[in-house]
Every structure is written in structure tokens, then in C-alpha cells.
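Take a look at the structure set out below.
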Amino acid sequence: MVPEDDPQLHEFIDDCCELKLQADDVESLHLDRPDILLELRSAQDAYGVFYAAKGREWDIWCHPDDWDNPGGVAFARRHPIDAARQLLKRSWRADFGFSADED
């Protein structure tokens, strides 16, 4: 069996990769759906994910100077699912402060 974070399973096109998280990830990470997009920005050694939560689209990024950066673009290319999960598990995300009632 091939591990889900095996790079051979995830094709990057123009430094972007479509990922599908497991159902338990969707629930524990408070996402609307399992489909996310991982984007690599090699020149800046940054990567980010685009995801849906609370009925809206959001993005969150890992930059080289972030204290919890596990290895930049090289890490995200080798372990795209782990990189996405790590970003989405951060203690603060923009969607955490959003209330649909305020919109």
C-alpha cells in the first residue's frame, strides 16, 4: 500500500496540487469539504493551502520565517498532505474569527 503522502500520488501542475483530505480531517479541522489546493511558491520558499470553511473560501500560508516552518517548499513537495494538515492545524486561522451572522 502506498502512503497517502507519497509524492507519486500527488501531481503538481504549475506548482499547485489538488488534495483530498480524509473525512476525519474535515471534521477535526472544521472544514466544509475535503478538497483543498496546495500551492508552492519556490522563489519565496513558501507554500499555502486554499480551503473552504464557514461557507467561504480561505487561504493560509507558511513562510520561511514562521516559527513552525517544517522545511519550506521542499517539505511540502515531499509530504503535501502533512504540509496541508500542519497549516490547517494552526491555532489561529482567519476563518476562526469569522461569523456568518456578522456578514
Side-chain angles (χ1 to χ4, degrees):
M1 183 172 170
V2 180
E4 68 178 10
D5 67 344
D6 186 318
Q8 295 176 0
L9 292 178
H10 307 288
E11 181 180 6
F12 283 87
I13 299 172
D14 295 329
D15 283 337
C16 291
C17 180
E18 294 180 6
L19 302 172
K20 186 179 231 44
L21 298 178
Q22 296 177 355
D24 59 330
D25 286 328
V26 173
E27 184 178 340
S28 68
L29 297 170
H30 309 286
L31 304 177
D32 291 349
R33 60 182 179 260
D35 305 304
I36 61 172
L37 179 72
L38 174 67
E39 180 181 333
L40 308 179
R41 294 188 179 168
S42 299
Q44 296 89 16
D45 197 27
Y47 62 90
V49 293
F50 295 84
Y51 62 99
K54 296 186 177 178
R56 293 194 170 207
E57 300 293 324
W58 305 88
D59 63 289
I60 188 168
W61 292 86
C62 183
H63 300 281
D65 57 350
D66 290 350
W67 68 271
D68 60 348
N69 184 337
V73 169
F75 170 74
R77 190 174 295 280
R78 282 191 318 273
H79 306 286
I81 294 284
D82 289 341
R85 282 182 183 140
Q86 182 180 33
L87 279 175
L88 293 166
K89 286 181 180 178
R90 285 188 168 176
S91 60
W92 183 88
R93 297 187 332 221
D95 57 289
F96 289 164
F98 174 76
S99 172
D101 297 335
E102 295 173 6
D103 195 27

In chain order, what residues pass the side-chain hydrogen bond (donor to acceptor under 3.5 Å, both in side chains) check against Asp68, with sequence neighbours excluded?
Arg90
Going by the rule side-chain contact (heavy atoms from CB on, under 4.5 Å), which residues pair with Asp32 if we only count those two or more places apart in sequence or in a different chain?
Ala52
For Asp15 against Ser42, the heavy-atom pair lying closest together:
OD2-OG, 4.0 Å
Is the backbone of Ile81 close enough, under 3.5 Å, to the side chain of Arg85 for a donor and an acceptor to pair up by distance?
no
Show which residues join Trp61 in its hydrophobic cluster (side-chain heavy-atom contacts under 4.5 Å, direct or indirect), or state none.
Leu37, Phe50
Run the side chain to side chain contact (heavy atoms under 4.5 Å, CB included) test on Arg56 and Phe98 for me, step by step, so that the C-alpha distance in whole Å, both residues' side-chain angles and the decisive distance to 0.1 Å come before the verdict.
CA-CA 10 Å; Arg56 293 194 170 207; Phe98 174 76; 3.3 Å; yes
Straight-line distance of Lys20 NZ to Ile36 CD1, nearest 0.5 Å:
11.0 Å
Does the Asp66 side chain pair with the main chain of Asn69, one donor and one acceptor, at a distance under 3.5 Å?
no
Non-neighbouring partners of Asp59 that pass salt bridge (Lys or Arg N to Asp or Glu O under 4.0 Å), sequence neighbours left out
none
Determine the minimum heavy-atom distance between Ala76 and Phe12, stating which atoms define it.
O-CZ, 4.1 Å
Is the closest basic N to carboxylate O distance between Lys89 and Asp25 below 4.0 Å?
no
Arg41: salt bridge (Lys or Arg N to Asp or Glu O under 4.0 Å) partners, not counting sequence neighbours
Glu39
Set of residues satisfying salt bridge (Lys or Arg N to Asp or Glu O under 4.0 Å) with respect to Glu57, sequence neighbours excluded:
Arg33
Start with the C-alpha gap between Leu19 and Val49, add the side-chain angles, then the distance that decides, and say whether side chain to side chain contact (heavy atoms under 4.5 Å, CB included) holds.
CA-CA 10 Å; Leu19 302 172; Val49 293; 5.7 Å; no
Can you name the side-chain hydrogen bond (donor to acceptor under 3.5 Å, both in side chains) partners of Tyr47, sequence neighbours left out?
none
Could you tell me which non-hydrogen atom of Leu87 sits nearest to which non-hydrogen atom of Gly48, and how far apart they are?
CD1-CA, 3.9 Å
